[in-house]
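Here's the structure we're looking at; comments come further down.
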Amino acid sequence: MSEAKSPSPAIQRIRLRTELRKARTKTGLTQRQVAEKMEWSPSKLIRIEAGEVGITVNDLRPLLAVYEISSQRKVDELLDLARGSRKMPFSEFRDIYSKEFLQFLAMETSASIIRNFNPLVVPGLLQTEEYARAVMGAYNRGASEELVDRYIEGRLARQEMLLGDEGPELFFVIDESVVRRRVGSRGVMRAQLEQLAELATRPRITVEILPFSIGAHPGIQGPFTHFEFDADEMPDSIYLENPRGDSYLSSAPEETGRYLESFWELEDLGVKEHVDTLLRRLASRLDEGRDDLVSLLDGADQ
């Protein structure tokens with residue numbers, strides 16, 4: 001019998017921070033009071049409870065004493081979570097990623113199902129290196145070549161989850177404008193469309209195109225990502241980001257449920273059949289130097 005796979009560091013950290021908040025609440029202590037007892041700054045406890053940083057075993061033992069947790073089984077369980085959550089995914093990119101995006105990456109590497117809607121650009125997980133550079137050059141003007149290279153390194157590292165048969169199920173709905181708008185040169189866009197077509201044929205990946213003809217739709221509010229997890233104690237989460245770079249991550253059931261229903265509606269409205277053929281047809285038109293991408297979605301079944 002194979003050994004059970006350990007939960008990801010991200011899931012272990014979320015479990016630990018949840019347990020620690022519950023334990024503190026049970027004692028009736030405020031964060032400031034606990035920080036004083038531990039001789040910490042209040043910000044240290046706040047960051048631990050928010051999951052922004054891990055906690056060492058040496059720090060956790062006296063904290064559990066403050067919370068009056070004496071059961072050896074419970075102590076061992078929490079110590080194991082602390083050990084398992086120390087190395088968070090993509091922590092080596094803290095120099096370029098915000099804490100909110102690092103939380104997004106933690107969710108991305110832990111989810112069993114990822115659903116993404118994007119009306120603006122090809123989703124990051126599906127971008128070619130050249131397309132990603134063209135996108136970054138458009139909205140991050142003035143960035144040094146070294147910084148752009150660093151972002152590209154992080155993006156390509158994320159895409160390792162696309163390799164192999166194991167990993168999360170990935171569902172993408174992209175607006176028709178995303179595949180019609182040329183980003184970079186014709187060669188760059190052609191390569192991106194060809195890669196999208198190839199990815200759309202993989203067993204774990206579903207790509208749909210939302211046509212202009214449907215008019216207003218539930219995704220008109222902007223891009224979003226919905227995460228679903230195998231772990232029973234892990235609630236679904238959503239991640240939103242606006243053009244200013246502001247982001248929002250929530251696990252509130254009323255919000256995650258609303259976005260999940262929106263995604264299902266978008267799936268119902270999207271083009272599902274022959275998506276790889278459609279994308280290759282568009283790539284061919286670019287190759288011929290034709291920019292009038294008329295009737296892309298016409299005759300899909302022909």
Side-chain angles (χ1 to χ4, degrees), residues 96-97 101 104 108 114 116-162 170-202 205-214 217 219-225 239-247 266 270-271 275-297 300:
I96 59 170
Y97 290 151
F101 193 66
F104 167 87
E108 186 176 77
I114 299 173
N116 174 269
F117 170 68
N118 204 314
L120 304 173
V121 294
V122 173
L125 279 175
L126 309 182
Q127 292 178 5
T128 64
E129 177 177 344
E130 293 76 14
Y131 181 97
R133 287 186 184 277
V135 169
M136 290 179 189
Y139 74 77
N140 203 0
R141 299 181 186 279
S144 67
E145 185 176 345
E146 292 77 11
L147 181 59
V148 172
D149 286 344
R150 191 88 172 105
Y151 275 112
I152 295 297
E153 181 185 355
R155 183 149 301 182
L156 295 179
R158 288 174 59 201
Q159 294 178 2
E160 291 180 8
M161 73 159 57
L162 304 179
L170 301 162
F171 297 90
F172 300 93
V173 177
I174 56 178
D175 193 77
E176 182 180 348
S177 63
V178 172
V179 295
R180 283 182 176 268
R181 180 179 299 109
R182 195 179 76 198
V183 174
S185 67
R186 283 198 180 93
V188 167
M189 193 64 194
R190 180 176 65 251
Q192 177 63 78
L193 292 170
E194 289 172 346
Q195 175 162 297
L196 265 182
E198 190 276 324
L199 291 171
T201 65
R202 296 190 187 181
I205 301 175
T206 300
V207 177
E208 295 187 22
I209 300 173
L210 196 65
F212 290 145
S213 59
I214 67 166
H217 54 78
I220 206 164
Q221 58 197 326
F224 65 89
T225 304
Y239 179 83
L240 314 175
E241 187 172 7
N242 66 33
R244 297 191 308 272
D246 300 327
S247 56
L266 292 169
V271 174
V275 170
D276 58 322
T277 301
L278 291 173
L279 292 168
R280 290 191 178 95
R281 180 182 300 164
L282 179 53
S284 175
R285 291 183 176 186
L286 284 171
D287 199 29
E288 296 166 4
R290 295 172 57 186
D291 290 325
D292 58 331
L293 306 180
V294 296
S295 67
L296 166 63
L297 301 175

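The residues of the chain are indexed from 1 along the displayed sequence.
In this structure the side chain of Met161 reaches within 4.5 angstrom of the side chain of Ile114, judged on heavy atoms. No side-chain heavy atom of Asn118 sits less than 4.5 Å from a side-chain heavy atom of Phe172. Considering only heavy atoms from C-beta on, Thr128 stays 4.5 Å or farther from Val122 through its side chain. Residues Leu125 and Arg158 meet the side-chain proximity criterion, which asks for heavy atoms closer than 4.5 Å.
Smallest separation of non-hydrogen atoms from Ala132 and Arg155: CB-CD, 4.1 Å. Among all heavy-atom pairs drawn from Leu196 and Val179, the shortest one is CD1-CG1, 4.3 Å. Taking each heavy atom of Ala143 and Val148 in turn, the nearest pair found is CB-CG2, 4.0 Å. Of all non-hydrogen atoms in Ser177 and Pro119, the two that sit nearest each other are OG-O, 3.3 Å.
Residue pairs meeting the salt bridge (Lys or Arg N to Asp or Glu O under 4.0 Å) criterion with at least one member in residues 118-132, sequence neighbours excluded, are Glu129-Arg133.
Looking at Tyr131, its side chain never comes within 3.5 Å of a backbone N or O of Val183 through a donor-acceptor pair. Not one N or O on the side chain of Glu208 forms a donor-acceptor pair closer than 3.5 Å with the backbone of Val173. A donor-acceptor pair is defined here as one N or O able to donate and one able to accept, closer than 3.5 Å; no such pair exists between the side chain of Gln192 and the backbone of Arg182.
Using a 30° and 60° split on the angle between ring planes, His217 and Phe117 fall in the perpendicular class, above 60°.
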